[in-house]
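A quick write-up on the structure given underneath.
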Number of protein chains: 2
Amino acid sequence: MKKTKSPDRELSAEKAKAILDGAMREFLAHGYAATSMDKVAAAAGVSKATVYSHFQDKEGLFTALIQQLAQKKSVFNLQNIQSLEGEPSIVLRRFATGMLENVMTDPQILTLIRLIIGESGRFPELAQSFVRNIEKPTIEALSQYLASHPKLRLPDPEVASRTFIGALVHYIILQEMLHGEDILPLERDRLINSLVDLILGRSD
Amino acid sequence: MKKTKSPDRELSAEKAKAILDGAMREFLAHGYAATSMDKVAAAAGVSKATVYSHFQDKEGLFTALIQQLAQKKSVFNLQNIQSLEGEPSIVLRRFATGMLENVMTDPQILTLIRLIIGESGRFPELAQSFVRNIEKPTIEALSQYLASHPKLRLPDPEVASRTFIGALVHYIILQEMLHGEDILPLERDRLINSLVDLILGRSD
DNA sequence: GTCTATACCGCGATAGAC
DNA sequence: GTCTATCGCGGTATAGAC
């Protein structure tokens, strides 16, 4: 039961998905203000009225979309933060590699973060849910991992965790987001190796 | 000569300044797409046609404004990067304090960077000039300072410089730009102290 | 050089047929 | 639930008077 195809009943849900899909393309390509509801409707293959029957208004559609996207494609591949086990130099290297690989593989992540940062003044709750759902778990997981290795003698694991992640985020922003690869070049592997050594006190 | 007040001759320059001033208020408050040339003209106290007589179009006005602003109010107070002299722990602490103080004192800096990052997809040359004129000199100055102190035994001063600055930038983004102070609290002094110790290998 | 007035278009949102 | 058609407003940019 309920497995019987009932196209009419499913239409609504399918359209909702199509709308979010069209909204994704348009908002990611042009930003919030420069995106029109007409274009969203066209990209979704529905009429504008249908868009408004599924979402209250432009703000509602935008926030619903970004919330959904931020969960699906976090910068830090969230599976990997659960596999924080093993030798520090290996774990940190794997963490950094995974994060950078993740961004290079899927450029939409870059665009999404650009959007969240760019609209963080007008959509503070969106920015905060990014911090809460993405940054916080990642920083805390790495922080706890570092704290659970007394051999590292890190006086402040949380700041160490933030520093490690901050260096990677700053690298991504500079090289990819702000197009600085040619202006301030730095090889990925060199960053990762030197950064890991720096955090681990080059003594492990 | 030429010191004689000639109001008519100066009118144009004064208006240009007024236009940039109005444009600053509007663009910083609402972003690029959501800002109208009508509002800019009103904020500047001139007519819309006058705006178009001084700047080619909306893009031209925007890029001229951002270029000018980015030079005037850089995140890293650029005077301080020339005073990189003395003991490392003191110099680094002063550098970090100055940078954070700078951002907290003038919230427009935050808004400006939000704008540059947010529009870095559509205005890549603006982003690149930010990297070239602001980030690059800062990173290189700190990098050279660190390299000139062999006692620190930093195997890769450039990555150390980037890591130090990256941690501070990430802190600013998380706490202030994305409104994460209550979600992921961290005292400024604790960050600075732990970060300086981490970079200097807690052994100086 | 600077104004007023306007051309022309696209916006967000809704009413009403089906 | 979804469509077409439309309302009212505000957008960028310019023409022409002064």
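Reminder, nothing fancy here: chain letters follow the sequence lines and each chain counts from 1. Only this structure's heavy atoms are used, side chains among them; waters, hydrogens and symmetry mates stay out.
- As rounded to whole Å, 12 Å separates atom P of dT2(C) from atom CZ of Phe55(B).
- A donor-acceptor pair is defined here as one N or O able to donate and one able to accept, closer than 3.5 Å; such a pair exists between the side chain of Thr105(B) and the backbone of Glu101(B).
- Of the inter-residue distances, the one linking Ile117(B) atom CD1 with Leu115(A) atom CG reads 12.5 Å to the nearest 0.5 angstrom.
- Contact annotation: His54(B) side-chain N/O to dG1(C) OP1/OP2 distance is not under 4.0 Å.
- Residue pairs that meet the ring-ring contact (aromatic ring centres under 6.0 Å, His included) test with at least one member in residues 126-149 of chain A, sequence neighbours left out, are Tyr145(A)-His149(A).
- When the local axes at the two ends of the helix from dG1(C)-dC18(D) to dC18(C)-dG1(D) are compared, using 5 base pairs at each end, they differ in direction by 10° after rounding to 10°.
- Ring geometry, Phe164(B) versus Phe95(B): the interplanar angle falls from 30° to 60°, so the pair is classed tilted.
- When distances run from any side-chain atom of Val46(A) to the nucleotides dT2(D), dT2(C), dC3(D), the shortest one goes to dC3(D).
- Taking the six-membered ring for Trp and the full ring otherwise, the centers of Phe62(B) and Phe55(B) sit at least 6.0 Å from each other.
- Annotation: side chain of Met24(A) is in contact with side chain of Gln108(A) (closest heavy-atom distance under 4.5 Å).
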Summary of protein contacts for nucleotides 4-18 of chain D, nucleotide by nucleotide, where a base hit scores B, a sugar-phosphate-only hit scores S (4.0 Å, heavy atoms) | B------SBBBB---
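- Distance, Leu61(A) CG to dC11(C) P: 15 Å, rounded to whole Å.
- Judged by the 6.0 Å and 45° rule, Lys58(B) forms no cation-pi pair with Tyr52(B).
- Glu26(B) pairs with exactly one of Asp38(B), Thr35(B), Asp21(B) by the side-chain contact (heavy atoms from CB on, under 4.5 Å) rule, that one being Thr35(B).
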